[in-house]
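The structure appears right after this line, and notes come after that.
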Amino acid sequence: MSNDHSIDAPTIMASEFKAKCLKLMDEVAETKQELTISKNGRRVARLVPYRKKPKSLFGMDKGKIEILGDLIEPLNIEWEASR
């Protein structure tokens, strides 16, 4: 199973990365945009922003999700499966 997020990420050659490493690390940290590093035309590494792992999954999206309406109230819609 492949989880290839780097397809959309900007790509830089290893030689250029080597010359600008510290600056690129700062940019990735600031913009939260990962960077793919290639060598001889082949992707070999990704530079990704550091993210702290939450202590618990419970509450990790607090303040990011808004509930619109009543989640429990019936919709009063007839479903095809109930026909």
Side chain to side chain, Leu24 and Ile12, heavy atoms closer than 4.5 Å: yes

Spacing of CD1 belonging to Ile37 relative to CZ belonging to Arg46, to within rounding of 0.5 Å: 10.5 Å

Gap separating the CG atom of Leu68 from the CD atom of Glu66, nearest 0.5 angstrom: 4.5 Å

Least distance between heavy atoms, Val28 atom then Pro49 atom: CG1-N, 3.5 Å

From CE (Met25) to CZ (Phe17), nearest 0.5 Å: 7.0 Å

Separation of Lys20 NZ from Glu27 CD (nearest 0.5 Å): 8.5 Å

Under the side chain to side chain contact (heavy atoms under 4.5 Å, CB included) test, residues paired with Asp61 that sit two or more places apart: Lys64, Ile65

Atom of Pro10, atom of Gln33 and distance for their closest heavy-atom approach: CD-NE2, 3.2 Å

Spatial distance of atom CE (Met13) from atom CG (Asn40) [nearest 0.5 Å]: 10.0 Å

Separation between SG of Cys21 and CD of Glu16, rounded to the nearest 0.5 Å: 12.0 Å

Results of side chain to side chain contact (heavy atoms under 4.5 Å, CB included) for Lys18 - residues two or more places apart only: none

Co-members of the apolar cluster containing Ile67 [side chain, <4.5 Å]: Leu71

Joint cluster assignment, Val44 & Val48, ILVMFWY side-chain distance < 4.5 Å: no

